[in-house]
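Structure first, then comments.
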There are 2 protein chains.
Amino acid sequence: MNLPPLVQSFVLHFGEMGSRWGINRTVGQIYALLYVTPEPLNADQIVESLGISRSNVSMSLRELQAWNLVLLKHLPDDRRDFFTTPDDVWQILRTLAEERKKREVDPTLSVLREILMQQPASDAERHAQERMAEMHGLIERLTTWYDDVKKLETDRLATLLTLGAKVTRLLEAKDKIVSLGRSKRSPDKA
Amino acid sequence: MNLPPLVQSFVLHFGEMGSRWGINRTVGQIYALLYVTPEPLNADQIVESLGISRSNVSMSLRELQAWNLVLLKHLPDDRRDFFTTPDDVWQILRTLAEERKKREVDPTLSVLREILMQQPASDAERHAQERMAEMHGLIERLTTWYDDVKKLETDRLATLLTLGAKVTRLLEAKDKIVSLGRSKRSPDKA
DNA sequence: CAGTTATTTCAGTAATTACTGAAATTACGA
DNA sequence: TCGTAATTTCAGTAATTACTGAAATAACTG
């Protein structure tokens, strides 16, 4: 591997983290390299930079494409494939969230749904189904929220993030106003 | 493996998903089993239920404990260890988020910080640092938000989730009120 | 079309990770 | 203290995953 020291640290770190993130070392390294490099790179440049086999680069790029984490570019008068990552880190975040959901959450959601359709044949199964229903309920809530939030334009999403838990204060305020209005017109029965 | 069919489906699914979630098959299966079983189980019961070796169970329980996903219980007049999962799925979610952040995000954050401290020695390094700064900024924003939100009590968190993107409407309303107030007193210069 | 370059595929091998059984350790109870 | 039950450790092996090099395929060019 022959890279500027700062780049190398970054690339090696992504390689090490790869396994924790559900990708492998090479995939992590290639992603990191593309991310910090200003111009798109072709496969041979990656081979050169990371000191790995051509076939490994080919397979890893395919993997990164499956994750939608990489863009294929073509330069004029050059028939080689060049690759980069999207510039916008928010877009990267969205892609990452979408793909992880698809791989890590959706399959479980559908298995849970399937099991919950069945008739329990014992107390054990009845109890198990109850627990699965709780899990299913939580996951559904989370994914509904996610589907909702992912539609926001980036600057609104950023606002939402910055606001964080402060939103609840806003909610409290709203509650007060609402209950105030209600108490004027028709006070709570409880 | 000798389990009621519904339980078995669930357990096998968690086993299969294990690798995608960064845990292994056995750990996933044990977790699933404990999650749906009403009473705490001891190691031998797990061996029995899943048909795996005693030592594997021991190691996997240790792993689950490292994740804080499992509770150790003791029954009176029985010196064996019994295990369950917490009842509250929201609590489980919090633990999961915390542990994944610790393992998957924090190390990268600290590597980024370290690299960003260094003096770039070339244009390539300068550009790479800019990209890393973008990534660092985004991750910091996300973790700040997370630190903020995780402090909320569960019902507030649930409200926030249910509200989802609708919050932005509330924000728009607030913006209007604020800008209205401002325009009365001292209109924008821009 | 033949020759050249770029990319992919895939069988074999290397590296890593998961699991087992036997032995060691720990924690009691008589 | 000795014996027994519970748990852990760990060396060896099995299973899985990652990677390579050679061969095949695809995409162009003259």
Side-chain angles (χ1 to χ4, degrees), chain A residues 1 11-12 14-34 40-67 70-84 103-104, chain B residues 1 11-34 40-67 69-84 103-104:
Chain A
M1 192 181 295
V11 165
L12 289 178
F14 263 59
E16 283 163 19
M17 294 301 284
S19 51
R20 299 197 191 182
W21 297 335
I23 56 176
N24 65 35
R25 188 175 16 153
T26 305
V27 173
Q29 290 186 352
I30 293 180
Y31 182 81
L33 177 64
L34 295 178
L41 296 178
N42 66 44
D44 285 320
Q45 292 173 306
I46 298 171
V47 166
E48 176 84 355
S49 303
L50 302 180
I52 56 180
S53 74
R54 185 50 237 269
S55 49
N56 194 3
V57 170
S58 178
M59 292 186 305
S60 300
L61 283 171
R62 161 183 294 264
E63 170 98 9
L64 282 170
Q65 283 175 293
W67 277 84
V70 121
L71 295 170
L72 173 59
K73 299 244 170 181
H74 279 116
L75 304 185
D77 302 325
D78 191 331
R79 60 199 181 84
R80 290 172 297 178
D81 294 339
F82 286 77
F83 299 88
T84 3
R103 287 168 171 75
E104 302 182 5
Chain B
M1 191 180 298
V11 165
L12 289 178
H13 173 75
F14 263 60
E16 284 163 16
M17 294 301 285
S19 51
R20 299 198 191 183
W21 296 335
I23 58 176
N24 66 36
R25 189 177 13 157
T26 306
V27 173
Q29 290 186 353
I30 293 180
Y31 182 79
L33 177 64
L34 295 178
L41 298 178
N42 66 43
D44 284 320
Q45 292 173 306
I46 297 171
V47 166
E48 176 84 354
S49 305
L50 301 181
I52 56 182
S53 75
R54 183 54 237 267
S55 49
N56 194 3
V57 170
S58 177
M59 292 187 304
S60 301
L61 283 171
R62 162 182 292 264
E63 170 99 7
L64 282 170
Q65 283 175 292
W67 278 84
L69 282 172
V70 122
L71 295 170
L72 173 60
K73 299 244 169 181
H74 279 116
L75 304 185
D77 302 323
D78 191 332
R79 59 198 182 85
R80 290 171 298 177
D81 293 339
F82 287 77
F83 298 88
T84 4
R103 287 167 170 76
E104 301 182 6

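Please read these numbers as outputs of a predicted model, since none were measured by experiment. Side chains included, hydrogens not; waters and symmetry mates left out as well; all remaining heavy atoms used. Just so we're on the same page: letters track the sequence lines, and every chain starts at 1.
A/Asp78 places its CG atom 12 Å from the P atom of D/dC28, with the value rounded to the nearest Å. In this structure, the CG atom of A/Leu64 is 16 Å from the C1' atom of C/dT7, given to the nearest Å. Rounding to whole angstrom units, CZ of residue B/Phe83 and C1' of D/dT8 are separated by 12 Å. In this structure, the CD1 atom of B/Ile30 is 12 Å from the C1' atom of C/dA18, given to the nearest Å. Distance CE (B/Met59) to C1' (D/dA11): 12 Å, rounded to an integer number of Å. Counting to the nearest Å, the C1' atom of D/dA18 and the CZ atom of A/Arg62 are 16 Å from each other. The distance from atom CZ of B/Arg80 to atom C1' of D/dT8 is 17 Å, rounded to the nearest whole Å. Straight-line distance from the CG atom of A/Asn42 to the P atom of C/dT5: 15 Å, rounded to whole Å.
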Discussion item. Is there a side-chain contact (heavy atoms from CB on, under 4.5 Å) between A/Arg54 and A/Ser58? Walk through the geometry before answering.
Written reply: CA-CA 6 Å; A/Arg54 185 50 237 269; A/Ser58 178; 4.2 Å; yes
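No hydrogens or angles were tested; on distance alone, nothing pairs the side chain of B/Arg54 with the base of C/dT20 as donor and acceptor under 3.5 Å.
Between A/Asn24 and the phosphate of D/dC19, there is a side-chain N or O to OP1/OP2 separation shorter than 4.0 Å. Not one side-chain nitrogen or oxygen of A/Thr26 sits closer than 4.0 Å to the OP1 or OP2 atom of D/dA18. Distances shorter than 4.0 Å separate none of the side-chain N or O atoms of B/Arg79 from OP1 or OP2 on C/dC28.
Heavy-atom nearest nucleotides on DNA chain C were determined for B/Val57 and for A/Asp81, and the one closer to the 5' end corresponds to A/Asp81. Position along DNA chain C of the nearest nucleotide to A/Ser55 versus A/Arg25 favours A/Ser55 as the more 5'-ward residue.
The aromatic rings of A/Tyr31 and A/Phe14 sit parallel, their planes meeting at an angle under 30°, below the 60° perpendicular limit.
Using a 4.5 Å cut-off on side-chain heavy atoms (C-beta onward), A/Ile46 and A/Leu34 make contact. Side-chain contact between B/Leu64 and B/Phe83 is absent, with no heavy-atom pair separated by less than 4.5 Å.
A/Arg20 contributes a side-chain N or O that, together with a main-chain N or O of B/Arg103, makes up a donor-acceptor pair within less than 3.5 Å.
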